[in-house]
Structure formats: structure tokens, C-alpha cells
Amino acid sequence: MMSDVSSELGVRFPDCRDISVETLIGQMSGGEPLAVGDERIRGFLTGFGRRLLSPELARRHPELASLGFFLRPSELTRILDGPRGHHLRAPRGLVFHVPPANVDTVFVYSWALSALMGNRNVVRLSPRAGAVAETITRTLRESLADADPVVAATQRIVTYDRSGTITAALSAACDLRVIWGGDAAVGEIRRHPLAPHARDLTFPDRTSFAVLRAAAWLSASAATRGAVAEGFANDAYWFDQAACSSPRTVYWVGSAADCDVAREEFTAWLARAVAKRGWSVDAAMAVEKRVATYGLAADGDAHAIDFHGNAVASVTLAGPEAAPRRWLGAGTFVHARLDGLGELARLVERRDQTMTHFGFVPAELELLAGALGGRGVDRMVPVGSALSFHRVWDGVDLTAEFTRLVTVIT
């Protein structure tokens, strides 16, 4: 199947050159196999993580500090905890990753977990990937100086323009294909068949929201309010609110009077947090936000719109049922009121992924999770933790997906 495939692709890691797909697959097909938790891969990942935590990189790209923290040795050890007894975990084989272009760090989490599980990996990085992706690949190449040669032999990050030929060849060769992106992008890639034994792991369009108890906000100290506002800003602005786990709707729980005051105060604190970080929105985006928000008002879904400069747009919905799932522009938040947390059970949809929360006790969150019954919301995390990656994502244990279980009974 590969003999007539000669299309070239650029190798961004471990080196920068153009090779054919045939050559790439051939290079990765032989050699010494890896094991789950292979010490050579662990050493490389921890070294890479330490570089990401350097003050220089962390100041320029704070999202890389979160990635470096994820790759610390203690976290990798926790990730490797798994099934015991009669089951041994083995690598799945060759994993082909297709991450989105608009969230630069996603591919590292996916690739790192797969590599930690002993897989050979090919990551297709879009030519449209931004400066953060370039920083990551450069840091990866720098980390090779202290790494075992097996890393360069088994791990590849490549780039190529849209090419059905290349995608088809890599799809046919892999044992697992991991696709991140919009529904249309997932569907396009899935047109290319896999080998009969292979499988897809997909992360399509998702949307997220926040829920805050108004009374808890109103009784919180200034320090707590500042921390919540800064955490919410990180959740939303690191990737221009385009990450699947970034909140777009804010639900307030409490009386109408409390929610009105809490919403206004929260928005003011958020605007200060955004200004403090120096985040801004250009004129074109500001215009797009106004078109989107005025459209909600024209449709009768919103009855109040408030702009804090170009960076923050606050929209008060006519009711919680009017919450839109679409992206309205970076820094646009729609607000709705609920009498109780349980009302979310009738509002949640399957594509709702992350619920960030403030002011609720664990028992309330667990009760809501039970009422949802798997119809939506795969993560409930505190405000400020929306982008914190975990091996369980979208309700899927990635370490399980990246391995096969071998039963050994004597």
C-alpha cells in the first residue's frame, strides 16, 4: 500500500528536513521496541518539562509552564498507575495524532501520554500552528542532546499542507489515530480508512461553561475574588476562548437580586484581571464581537450588553435556555441565572465538556453529575482549572486507550 506514496512532508522533530512518507514509516517500523513507562522516554519527557519551566519561557508563554508541570516526574509516575493482577499493559503500536491548529499545546499532552505508554508516534502539526508550537518543537530538539537515541528513532512531529494522500498513508499505517478538531475536520480525516485492527480516538467540537453561586461570590474576600477572576481569565484568554474547555456561558445560581450584583462585580474584576495581564483584542475582533452580541439581542436572546473596552463583552441572556454554544469572539461571555444547580440537568447537551465552578460543595456537584447521567459534562473542575490537562479527558482514560492489555494467568 505504501509503495506508490512518495509525497514529501517536513520533519519538525527530531530534525528539520523533507522526507517521503515511505521513508518515515520505514524508519519507524524497525528498531528496538519501547515498553510502557520506558525509562528512556520518561527521562526525555522530564528533561523537556524542566526546560518548559525555565523563567524565560514561562514569562513569554505561561501556558507552557502548565505543560512543564504536567511532565514533572511525580506526575508521570501517577499516570503510569494502572491495572494490576493478571493484566500487563503493552504499547498499542504506531499512533498518528492530528491536533487542532488553534490550541498549540494540545498535541504535546496527547503525544507525551502516548510516548509514555511506549508507542511510536507521528504528530501532524499544521503549517498554521503559531509561535507557541514553534517554541515547543525547538525546545524538543534542544532536549534531544541529553536523550537516548531511541527517542529520535521512535517519535516524529511532521508538517504538511492539506493532503489526502499523506493522511491516507499515515492512517493506513497506524494502529491508533487520534483526531482533535471541529466536527467537519474529524469527518474529513475519518474518510481515510484504517487497518482492520486499528481504531479512532476522536475529540470533536465541544463547548464549556462556568457556574458560580452568587452568595458565595458576594461573601468572598477581595483576595478570593481576585484569584477567581484571574483563574477565569486564564481559562478563557490563553487560547482566545477557542479551547474546548474555555468557558463561554456563565451561569449564576441564586436570587435575581444577588445574581445581578454578583454578575456586575465579577465582570469588573475580570476586566481588571485581563488589563493586568495585558491581554487585548484587536479592532477586527472587537467588531466581530459586537456583530455577534447585537445579533443575540436582535433575536431576543439577550436583553443587556455591556462592553469593557475591546477585551471583555458581557451579555445578559433573556433566559438560560438561550445560551449559545457557538464561539462569539475572544472575551465574550453570556450570563444567565438559575434558581438552583440542579436546573443544569435539563440544559446540558452532549457536546458540553467542562463545567468550571465556584461556591459549591462536593456533594452538590456529585448530585448533579448523577442527574446528568452521561448526557453531557465530562469534567467538573474549579474556576482556573479549565485548561489543566489530565490523563482522563472527555470522559476517556487516555492511558488505557494508548495501551493494550495482555492477560497472563499461570
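We use all heavy atoms of the structure for the numbers below, so side chains are in, but hydrogens, waters and symmetry mates are not.
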task = Please check if the side chain of Arg156 supplies one atom and the backbone of Val11 the other of a donor-acceptor pair under 3.5 Å.
result =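 No: the side chain of Arg156 does not pair with the backbone of Val11.
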Indicate whether any N or O donor in one side chain lies under 3.5 Å from an N or O acceptor in the other, for [X] and [Y].
| X | Y | result |
| --- | --- | --- |
| Arg379 | Thr354 | yes |
| Ser114 | Asn119 | yes |
| Thr77 | Arg42 | yes |
| Trp327 | Gln241 | no |

message = Looking at every heavy atom in both Thr46 and Pro73, which two are closest together, and how far apart are they?
response =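 Residues Thr46 and Pro73, closest heavy atoms: CG2-CG, 3.7 Å.
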Go through the structure and list residues passing salt bridge (charged side-chain N to carboxylate O under 4.0 Å, His left out) with [X], not counting sequence neighbours.
| X | result |
| --- | --- |
| Asp394 | Arg206 |
| Asp38 | Arg40 |
| Arg346 | Glu321, Glu343 |

Tell me which donor-acceptor pairs under 3.5 Å the side chains of residues 182-193 have, and how far apart each pair is, sequence neighbours excluded?
residue	atom	partner	partner atom	Å
Asp183	OD1	Asp205	N	3.0
Glu188	OE1	Arg191	NE	3.3
Glu188	OE2	Arg191	NE	3.2
Glu188	OE2	Arg191	NH2	2.7

inquiry  = Less than 4.5 Å apart, side chain to side chain, heavy atoms only: is that true for Phe333 and Thr267?
reply    =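 Contact flag for Phe333/Thr267 side chains = no.
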message = Measuring only between side-chain heavy atoms, which start at C-beta, is Leu270 closer than 4.5 Å to Glu230?
response =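 No, every pair of side-chain atoms sits at 4.5 Å or beyond.
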Between atom [atom1] of [X] and atom [atom2] of [Y], what is the distance when rounded to the nearest 0.5 Å?
| X | Y | atom1 | atom2 | answer |
| --- | --- | --- | --- | --- |
| Arg391 | Leu80 | CZ | CG | 8.5 Å |
| Arg248 | Ser208 | CZ | OG | 7.5 Å |
| Phe107 | Ser126 | CZ | OG | 11.5 Å |
| Ile157 | Asn121 | CD1 | CG | 9.5 Å |
| Leu372 | Asp378 | CG | CG | 10.0 Å |

Run the salt-bridge test on [X] and [Y] with the 4.0 Å N-O cut-off and return the result as yes or no.
| X | Y | result |
| --- | --- | --- |
| Arg12 | Glu134 | yes |
| Arg325 | Asp352 | yes |
| Arg337 | Asp258 | no |
| Arg92 | Glu401 | no |

ask   = Given Asp175, which of Arg404, Arg199, His197 fulfils the side-chain hydrogen bond (donor to acceptor under 3.5 Å, both in side chains) condition?
value =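 Between Asp175 and the candidates, side-chain hydrogen bond (donor to acceptor under 3.5 Å, both in side chains) is satisfied uniquely by His197.
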task = Scan for ring-ring contact (aromatic ring centres under 6.0 Å, His included) pairs involving residues 345-380, sequence neighbours excluded, and state none if there are none.
result =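 Passing the test, one end in residues 345-380: no pairs.
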Could you tabulate the donor-acceptor pairs under 3.5 Å formed by side-chain atoms of residues 61-69, not counting sequence neighbours?
none

